[in-house]
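See below for the structure under consideration.
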Amino acid sequence: NAANKLSVKGKAVALKGVTRHAGRFRAQIKVDGKTIYLGHHDTAPAAHAAYVVAASKHFGSYANAG
């Protein structure tokens, strides 16, 4: 089950669902094979918070915030 996969080790940002993009932090989640972009944020914790909200919405009690 890929939804429970932990964040990739060795990434510049160690928070699940967060990547660096154009000097900001992009949050995204994959649901049913489709990537849903959750926006760009000024800080990594803000982007991760957006990911956590989306994970709770889409996966309920099975959400893994990583």
Side-chain angles (χ1 to χ4, degrees):
N1 183 336
N4 290 325
K5 183 179 172 188
L6 294 175
S7 64
V8 177
K9 290 185 169 99
K11 286 191 338 180
V13 180
L15 296 172
K16 188 170 182 183
V18 180
T19 57
R20 289 277 296 181
H21 185 260
R24 296 183 72 200
F25 297 91
R26 177 170 47 191
Q28 59 190 37
I29 189 169
K30 191 168 266 197
V31 178
D32 294 328
K34 296 180 182 176
T35 301
I36 301 171
Y37 293 98
L38 305 171
H40 286 81
H41 304 270
D42 293 327
T43 65
H48 182 66
Y51 172 84
V52 170
V53 169
S56 295
K57 175 183 172 189
H58 291 287
F59 303 121
S61 63
Y62 297 104
N64 177 2

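For this chain, numbers begin at 1 and follow the sequence in order. Values reported hereafter were calculated over all heavy atoms of this structure, with side chains retained and with hydrogens, waters and symmetry mates removed. A quick note: this is a predicted structure, and the numbers were derived from the prediction, not measured.
Of all non-hydrogen atoms in H41 and A50, the two that sit nearest each other are NE2-CB, 3.7 Å. Nearest heavy-atom pair, Y51 versus Q28, reported as atom, atom and distance to 0.1 Å: CD1-O, 3.4 Å.
Here the side chains of D42 and R24 are in contact, with some heavy-atom distance below 4.5 Å.
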Only pairs under 3.5 Å count here: list side-chain donor-acceptor contacts from residues 52-59, not counting sequence neighbours, and write none if there are none.
unit_1	atom_1	unit_2	atom_2	d
S56	OG	V52	O	3.1

Give the table of side-chain donor-acceptor pairs shorter than 3.5 Å for residues 32-40, with sequence neighbours excluded, one pair per line with atom names and distance.
unit_1	atom_1	unit_2	atom_2	d
H40	NE2	H21	ND1	3.0

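With hydrogens and angles ignored, the 3.5 Å screen pairs no side-chain donor or acceptor of H48 with any backbone N or O of G17.
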